[in-house]
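See structure below.
Chain naming here is simple, since letters A, B, ... match the order of the sequence lines and numbering starts at 1 in each. Model, not experiment: these values are computed from the prediction.
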Amino acid sequence: MKIATWNVNSLRVRIDHVIDWLKREHADVLALQETKTKDEDFPIDAFTELGYKVQFSGQKTYNGVALISRQEMTDVRTELSGLNDPQRRVLAATVDGVRIHNLYVPNGQSVDSEKYQYKLGWLEALRNQVSLELADYPNSILLGDFNIAPEDRDVHDPAAWEGKVLCSHSERDALKALLDLGFVDVFRSFDQEDASYSWWDYRAAAFRRKMGLRIDLILASGSLKDSCTASRIDVEPRRLERPSDHTPVIAEFTV
DNA sequence: ATGGTGGTCCAACCA
């Protein structure tokens with residue numbers, strides 16, 4: 001199973017990039033975030049014509065997640081229990097016995113903001129739900145835009161980002177609490193180039209200046225991690241005309 | 001030190 005995550009920052013604008021990428025990479029599962037697309041406007045046919053099934057949970061203007069899969073998706077969930085959240089940020093489904101959570105973790109804005117508290121509460125609700133579901137689905141993958149850089153090596157300028165949102169201790173602790181359930185950040189299971197990032201701000205020519213963060217992650221549960229054979233970041237879509245500010249992250253499993 | 005770009009949708013928000 002080849003699985004990937006990509007924050008597309010508007011599926012309407014990026015649909016040609018996504019379709020071209022699927023034709024090239026032939027992923028089995030692609031998790032999209034920030035589709036910014038209402039469910040009635042989702043471009044279903046563009047994916048079914050390529051032989052994919054689609055599931056989506058969208059809203060107007062903001063957020064929105066989707067799963068594109070060659071195989072059938074079952075037991076689809078779009079809510080975190082205990083969280084009454086109108087923001088469409090979660091899409092869970094089971095594919096070939098593997099439980100997959102596509103996540104658009106709140107950005108958090110800044111550590112002194114209400115949005116940061118929402119982010120921490122959201123991550124706690126996520127941990128609670130994943131912890132419960134692991135009993136039924138030991139083979140589990142969490143992937144998406146985590147809006148957290150796990151370690152300083154995932155940050156172009158750790159000193160400048162020290163304590164800032166996306167890098168703060170509380171966020172990294174919340175990510176560690178997920179990893180403590182047995183999950184592994186599979187990108188780090190393999191040799192990677194220095195300065196491997198998945199997001200670059202549109203501003204200040206950050207991409208050209210290699211000023212990025214690795215905030216798009218694929219976490220595999222303890223029973224799945226040994227079946228992961230590769231993981232990489234595909235930077236090519238970030239070089240295209242009118243790109244998303246994020247680029248795809250890929251992992252391959254023998255299951 | 002500040003603000004810079006981009007998407008949505010047309011003013012102001014979110015990132």
When you measure from the centre of the six-membered ring of Tyr104(A), is the NZ or CZ of Arg89(A) under 6.0 Å away and within 45° of the axis? yes
To the nearest Å, give me how far apart CE (Met211(A)) and P (dG4(B)) are. 15 Å
For atom C1', what is the distance between dG4(B) and dA15(B), given to the nearest Å? 14 Å
On DNA chain B, more 5' by nearest nucleotide between Gly108(A) and Arg209(A) is Arg209(A)
In whole Å, what is the span from the CZ atom of Arg89(A) to the P atom of dC14(B)? 11 Å
Check the distance between dA15(B)'s C1' and Lys115(A)'s NZ and give it to me in whole angstrom. 10 Å
For dC9(B) and Thr61(A) - does any side-chain N or O of the residue sit under 4.0 Å from the phosphate oxygens OP1/OP2? yes
Rounded to whole Å, the CG-P distance (Asn9(A) to dG6(B)) equals 11 Å
Provide the distance between the two C1' atoms, one in dC9(B) and one in dC14(B), to the nearest whole Å. 13 Å
Side chain of Lys36(A): nearest nucleotide among dG7(B), dG4(B), dA15(B)? dG7(B)
Re dC14(B): Watson-Crick or G-U wobble partner, both distances kept under 3.5 Å, found to be dG6(B)
Atom-to-atom span, CD of Glu34(A) to P of dT5(B) - whole angstrom: 19 Å
Between dC9(B), dC13(B), dT8(B), which one does the side chain of Tyr62(A) approach most closely? dC13(B)
Could you state the atom-to-atom distance from NZ of Lys119(A) to P of dC14(B) in whole Å? 15 Å
Tell me, yes or no, whether the heavy-atom count around Glu151(A) atom CD, taken from other residues, nucleotides or ligands under 6.0 Å, exceeds 12. yes
Check the surroundings of atom CD in Gln59(A): do more than 12 heavy atoms from other residues, nucleotides or ligands lie under 6.0 Å from it? yes
Could you tell me whether Phe207(A) contacts a base, only the sugar-phosphate backbone, or nothing, with contacts defined as non-hydrogen atoms closer than 4.0 Å? nothing
Taking atom CG of Asp157(A) as the centre, does the number of heavy atoms from other residues, nucleotides or ligands within less than 6.0 Å exceed 12? yes
Would a 4.5 Å heavy-atom cut-off, applied to side chains only, mark Val65(A) and Thr35(A) as touching? no
May I ask you to check whether over 12 heavy atoms, not counting those of Glu40(A), lie within 6.0 Å of atom CD? yes
Phosphate contact (dT8(B) OP1 or OP2) by Arg14(A) side-chain N/O below 4.0 Å: no
When you measure from the side chain of Ser10(A), which nucleotide among dG6(B), dT8(B), dA15(B) comes out closest? dT8(B)
Whichever of Asp145(A) and Arg203(A) has its nearest DNA chain B nucleotide further upstream toward 5': Arg203(A)
Which of the following nucleotides, dT5(B), dA15(B), dC9(B), is nearest to the side chain of Tyr202(A)? dT5(B)
Can you see if the side chain of Arg12(A) gets near the phosphate of dG7(B) - specifically, an N or O under 4.0 Å from OP1 or OP2? no
Grab the CH2-C1' distance between Trp199(A) and dG6(B) for me, whole Å please. 12 Å
With C1' as the reference atom in both, quote the distance from dG6(B) to dA11(B) in angstrom, rounded to an integer. 16 Å
